[in-house]
S.K.: 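To start, I am sharing the structure in question, which I have written as structure tokens.
Given the structure is predicted, the values throughout are model-derived calculations rather than measurements.
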Amino acid sequence: MKKSAVMIILLAGLVGCGGGSDSETATPNKTPVQLALESGDASLVDNANDFIDASQSLVASYKRTYNGIKRELAQDTNGNNLSDLYWDPTHDAAILSPTYGFNDTILTTNKAMNTGYDDQVLTIGVAGITSDNVRYAALGSNPFRTKQRFPNSVNQSMERWLQNLVQWVMSSTQAPRRIVLAQLDQSHYFPDAQATRHWLTETYSDSLLMNADNQCDGEQLLACLQAKPDMLILSQQLNAGDSADSVLHGVEYALEHGIPVLYLHLDGGMTELGSRLLERLHINYVGDNYWRKLGLTNWDPTSLIDKVPDSILQQQALLQRLQRDSFSVDLSLCDDKSCRADSMMAEQFYPAAEGIRQHLNRLDSNKVDLFSSPDYAYEKLLLLLADHYRQSVLFPMDKDSTETLDFLKSYFSDYTQYHTRKLNHAQPSLGNFSTRSFENMPLINKTVLLESKRSFRSAGVYAIPGQTFKVTRQDNQPVTTSIVLNTLRSGATHEFSSNGGYARPKFLTSTSYRVEPGETIYLTSAYGGTVQVQFDANDIPVELYFENVAQHPVWRSGVDNEAFIAQLKSAQFDWAELITPGFEVHAKADKMLESVSSTDWAQPQDMAAATERYVHNFPHALAGFQGPGIDTIDEIHQYGKDQGWTIETIDIVKHMNADQATCGYGCSGNPYDAYWSFHPLGHGDLHELGHGLEKGRFRFTGWDGHSTTNYYSYYSKSRYYVDTGKVSSCQGLDFKGQFELLQQSRLQTDPNAFMAAQNQTGWSWGARIYLQMMMSAQQQGVLKNGWHLLGRLHLIEREFNRLKASEVLWEERKASIGFTHYSQAEANALNNNDWLLVALSYITQRDMRSYLDMWGFSFSDKAKQQVAAMSLDVMPMTYFAATSQGYCLDEFATNPVSINGSNLWPLN
């Protein structure tokens, strides 16, 4: 395959002049950098700076090549520069952008044609040369159409520029003899076929051969191209009976057989064909010009000469700093995961590194094997540089004691990763992510059968660092399925913490790699790790065949009990996974061994059963959800159905990483992560899970964010006590102190003001109030189990949100949630206090005004009038005495005491 002009220039700069055969046809000796580019093996180069030198040479060569194109387009017939191009592409146009290394901008907007819009410099023309040396260009609209419909939309300078473009695309100064026109619309607003044909004939000759309308569309295109025309001009119109595949096949034929291509975009949006054509030409669709209405006025095409994308300039500056050790970064001004503005990281590292990371992730996610392509030289050099640095990393590092250059070289390699390749040397030091050596680890092939669940499930196999593994999808099911390595959040690496905080790579979880039915993909990771499978739908059987993976400790069912424990104790892997239908634990192996060795569990299957019951089932049931593995609780679910409310289904797998926390000692999310070992009844585990279930609307004004988090933990622990008679400690709550403060308030002139003045907004205060309301609901006979009050509150909150999103629904159904006197606008403006007064009164069927007034809360007259209109029995001002943890045991709603200013605490 022939190389592009740019690649030839690069290789000429990297290939040595001496050595080799005396024959005139002998191939010069290849430099180490050239060999590394071809093989993907950075170890062939001794000095990493050679990659930076090569990258700088490549950028210079790209600039020379594209400058040549821009100069050729910018000259008039006398060799003078054009300087006043005008083109109104109209609102029926698209904004494009080039892909660095493949093509460049040749035409930009500079003027908003309608008043009221900002002028913007955006790309509306792109040109490039393929690796087979075939030229192509794309314009964001059809200037031949705009000229025909609006004669003043194109001036003479633009006309000359267009002629230059056609001549450049054809690589010829001669007039074209034969042109193929394909996929051009011919309608009132878009007479593209007629206008294009007219311009070409008028510009060149009546004898120019062109096909009739639609004669070369779809499957006919290939036959038309076999006549070897001087150029193919096409757009994105897909006529009835045409297939995008047949058009793409024709374009591919053109590019492979030296037929240049000019693409003229139709309208401002994208069709399937347009998207695929631009993708093939490595041109990006940015957006519709409909609202921006941008065009060119007095535009100078020479203004593009010597232009290099800002992102590339940033990246080259970063490489130069790495090469010259010229950073002025002060890492002491960074902490945990972030840096102060005056650290200079935001100027000298982050924008360039993040740009590289995002660009490589897009290519990697699309499964582009860069080192199997003659293109992507720029990206390859970045990867090879990172690969080289990666081999010298030694964790842990410390921002205060590690040389800044060494720290940032490692950090650069974190940002510059790529898995879609067959050679990716293992990083020797992975810090506390993985301390094991896998040199003698047996590799296996394994078929994995999974029932799809959003958003991901563990595949139950392990990718060994530096070892290419394959995944073949053997089912043909309608579910999007993607492979991901690891489950760890980047925030769990605290690279700027003191005392060796940079103890592992930053980005351990890979991008995702979609695998289609029947497709085989291959990946190679420098880090290795657990393999995960993402899905976009539930309950669909998927079959995956993995090759060249290892088997780490994985528990899926009771048959794994003994092997799981034995493998954990053998300590051959740093990671282990416990998989249940609704919850998965991804843990450092030592933490997993601690979890399953708890005296609470005779076997891992007992811990798994507890996980399903106390982590998956009860918290989600209490949050008012239904779904697989979740009990149907009549006092919650049937109650909601009786009201005519929608009962939401939750059917996703939730996850925990027992490893390092992103924030604090544990941090919520899915996965949530923590430093502790997982326990199905651990308060920390249920607390982090609770963050994903709680609702901010449940907090009275001013309450702490954690005041609504812990009920799911308390409920599971209380159910464990009911199930087993065993105690799983709840948080200690000072019920006595709260009771005595309430009693004191009743002796004041204004009890409500007295309680409000206490300014009690902490999580413990709020938890006790909700527990007291739950106990009151049970004592009043509203509920057999007062805990279920929270489930009803979840249901009414969801129904409220559903109804208020539609004025029609709101007016039809607002009485079903107790907000009869509220308009939709008023509902959307409700504060938490008023909402809670009405909602709690409705679900308890008790007038909660005096009860909530007792706590010092205030409400609007409208909310109080709404409750009064319900004509409910009054919720008595009763407090339930309990020891600090007794509310989770057998002291729930067992010791009622009236709040009257005189009753004493009844417990010793």
Side-chain angles (χ1 to χ4, degrees), residues 66 69-70 73-74 76 81-100 103-128 137-165 185 187-192 195-196 199 235-237 262-271 274-275 278 281 283-313 355:
Y66 293 121
I69 298 172
K70 296 166 189 175
L73 297 179
D76 64 18
N81 288 334
L82 301 169
S83 60
D84 62 343
L85 272 66
Y86 178 88
W87 180 31
D88 180 0
T90 78
H91 64 275
D92 293 321
I95 302 301
L96 309 173
S97 70
T99 297
Y100 189 72
N103 42 55
D104 201 0
T105 296
I106 56 170
L107 197 65
T108 67
T109 65
N110 68 348
K111 181 67 176 176
M113 294 304 187
N114 282 358
T115 58
Y117 293 87
D118 293 334
D119 296 341
Q120 287 182 280
V121 178
L122 295 172
T123 296
I124 200 166
V126 174
L139 299 180
S141 182
N142 187 323
F144 315 133
R145 176 225 307 151
T146 65
K147 181 187 177 184
Q148 177 169 302
R149 294 196 67 214
F150 313 103
N152 293 327
S153 68
V154 175
N155 69 357
Q156 287 186 343
S157 293
M158 184 67 189
E159 281 273 355
R160 180 67 253 176
W161 187 91
L162 289 169
Q163 292 176 38
N164 292 344
L165 177 64
D185 193 12
S187 61
H188 175 74
Y189 291 108
F190 300 101
D192 291 28
T196 302
W199 186 91
S235 189
Q236 65 167 344
Q237 173 77 6
L262 176 60
Y263 174 85
L264 305 174
H265 195 75
L266 171 68
D267 203 354
M270 285 291 287
T271 67
S275 178
L278 291 182
L281 297 175
I283 297 171
N284 307 297
Y285 172 77
V286 175
D288 198 328
N289 194 41
Y290 188 88
W291 297 109
R292 311 182 212 202
K293 297 179 172 61
L294 300 171
L296 291 72
T297 299
N298 295 323
W299 186 74
D300 182 357
T302 64
S303 64
L304 294 178
I305 293 173
D306 288 334
K307 288 287 187 182
V308 176
D310 290 342
S311 61
I312 301 301
L313 294 176

S.K.: Once you round to the nearest 0.5 Å, how far does CG of Leu73 lie from CG of Leu82?
M.R.: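 Output value for this atom pair is 9.5 Å.
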
S.K.: For Asn110, run the side-chain contact (heavy atoms from CB on, under 4.5 Å) check against Asp119, Thr297, Asp300 and tell me which one passes.
M.R.: Thr297

S.K.: Quick one: OH on Tyr263 to CG on Asn142, what's the gap to the nearest 0.5 Å?
M.R.: 10.5 Å

S.K.: Within this structure, what is the CG-OH distance for the pair Asp267 and Tyr189, rounded to the nearest 0.5 Å?
M.R.: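 Output value for this atom pair is 12.0 Å.
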
S.K.: For Leu139 and Leu162, which heavy atoms make the closest approach, and how far apart are they?
M.R.: CD1-CD2, 4.0 Å

S.K.: State, with a plain yes or no, whether a side-chain heavy atom of Lys70 is found less than 4.5 Å away from one of Asp104.
M.R.: yes

S.K.: State the CG-CD1 distance between Leu107 and Ile124, to the nearest 0.5 angstrom.
M.R.: 6.5 Å

S.K.: Using 0.5 Å steps for rounding, measure from the CD atom of Gln236 to the CG atom of Leu264.
M.R.: 11.0 Å

S.K.: Taking the side chain as every heavy atom from C-beta outward, state whether Leu294 and Leu122 have any atom pair closer than 4.5 Å.
M.R.: yes

S.K.: CH2/Trp87 to CE/Met158 distance, rounded to the nearest 0.5 angstrom?
M.R.: 5.0 Å

S.K.: How close do His188 and Pro191 get, counting heavy atoms only, and between which atoms?
M.R.: O-CD, 3.8 Å

S.K.: Are Thr105 and Thr123 close enough that a side-chain donor and a side-chain acceptor fall under 3.5 Å?
M.R.: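 The criterion, which ignores hydrogens and geometry beyond distance, is satisfied for Thr123 and Thr105.
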
S.K.: If you look at every heavy atom in Ala74 and Pro301, which pair is closest and at what distance?
M.R.: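 Of all heavy-atom pairs spanning Ala74 and Pro301, the closest is CB-CG, 3.7 Å.
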
S.K.: Going by atom types alone, do Ser97 and Asn284 pair a side-chain donor with an acceptor below 3.5 Å?
M.R.: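 Short answer, yes.
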
S.K.: Taking it one step at a time, do Arg145 and Gln148 satisfy side-chain hydrogen bond (donor to acceptor under 3.5 Å, both in side chains)?
M.R.: CA-CA 5 Å; Arg145 176 225 307 151; Gln148 177 169 302; over 6 Å; no

S.K.: Any donor and acceptor pair, going by atom type alone, linking the side chain of Asp76 with main-chain N or O of Arg160 inside 3.5 Å?
M.R.: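 Flag not set: sc Asp76 to bb Arg160 has no pair under 3.5 Å.
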
S.K.: Please check if atom CD in Gln120 has more than 12 non-hydrogen atoms from other residues, nucleotides or ligands closer than 6.0 Å.
M.R.: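 Enclosed: over 12 neighbouring heavy atoms sit under 6.0 Å from CD of Gln120.
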
S.K.: Determine the minimum heavy-atom distance between Ser157 and Leu85, stating which atoms define it.
M.R.: CB-CD1, 3.9 Å

S.K.: Check whether any side-chain heavy atom of Gln237 sits under 4.5 Å from a side-chain heavy atom of Thr271, and report yes or no.
M.R.: no

S.K.: Taking the side chain as every heavy atom from C-beta outward, state whether Leu266 and Phe190 have any atom pair closer than 4.5 Å.
M.R.: yes

S.K.: For Tyr290, does the OH atom have more than 12 heavy-atom neighbours from other residues, nucleotides or ligands under 6.0 Å away?
M.R.: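 12 or below, so no.
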
S.K.: Evaluate side chain to side chain contact (heavy atoms under 4.5 Å, CB included) for Trp161 paired with Ile106, printing each intermediate quantity in order.
M.R.: CA-CA 10 Å; Trp161 187 91; Ile106 56 170; 3.8 Å; yes

S.K.: Please find the pair of heavy atoms, one from Tyr86 and one from Asn152, that lie closest to each other, and give the distance.
M.R.: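 Nearest pair, atom of Tyr86 first, then Asn152: CE2-O, 3.3 Å.
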
S.K.: Begin from the C-alpha positions of His91 and Met113 and carry the test side chain to side chain contact (heavy atoms under 4.5 Å, CB included) through to its verdict.
M.R.: CA-CA 9 Å; His91 64 275; Met113 294 304 187; over 6 Å; no

S.K.: Hydrogens and angles aside, do Asp185 and Ser235 bring a side-chain donor and acceptor to less than 3.5 Å of each other?
M.R.: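 Their side chains do not contain a donor-acceptor pair, so the 3.5 Å distance test is not met.
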
S.K.: Between Thr146 and Val154, is any pair of side-chain heavy atoms under 4.5 Å apart?
M.R.: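 Side chain of Thr146 against side chain of Val154, heavy atoms only: contact under 4.5 Å found.
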
S.K.: Are any non-hydrogen side-chain atoms of Leu96 and Leu278 less than 4.5 angstrom apart?
M.R.: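 Yes; the side chains approach each other to less than 4.5 Å.
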
S.K.: Walk me through it: do Phe150 and Thr90 pass the test side chain to side chain contact (heavy atoms under 4.5 Å, CB included)?
M.R.: CA-CA 9 Å; Phe150 313 103; Thr90 78; 3.9 Å; yes

S.K.: Which atom names give the shortest non-hydrogen contact between Ser141 and Pro89, and what distance separates them?
M.R.: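 So the minimum-distance heavy-atom pair works out to OG-O, 3.4 Å.
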
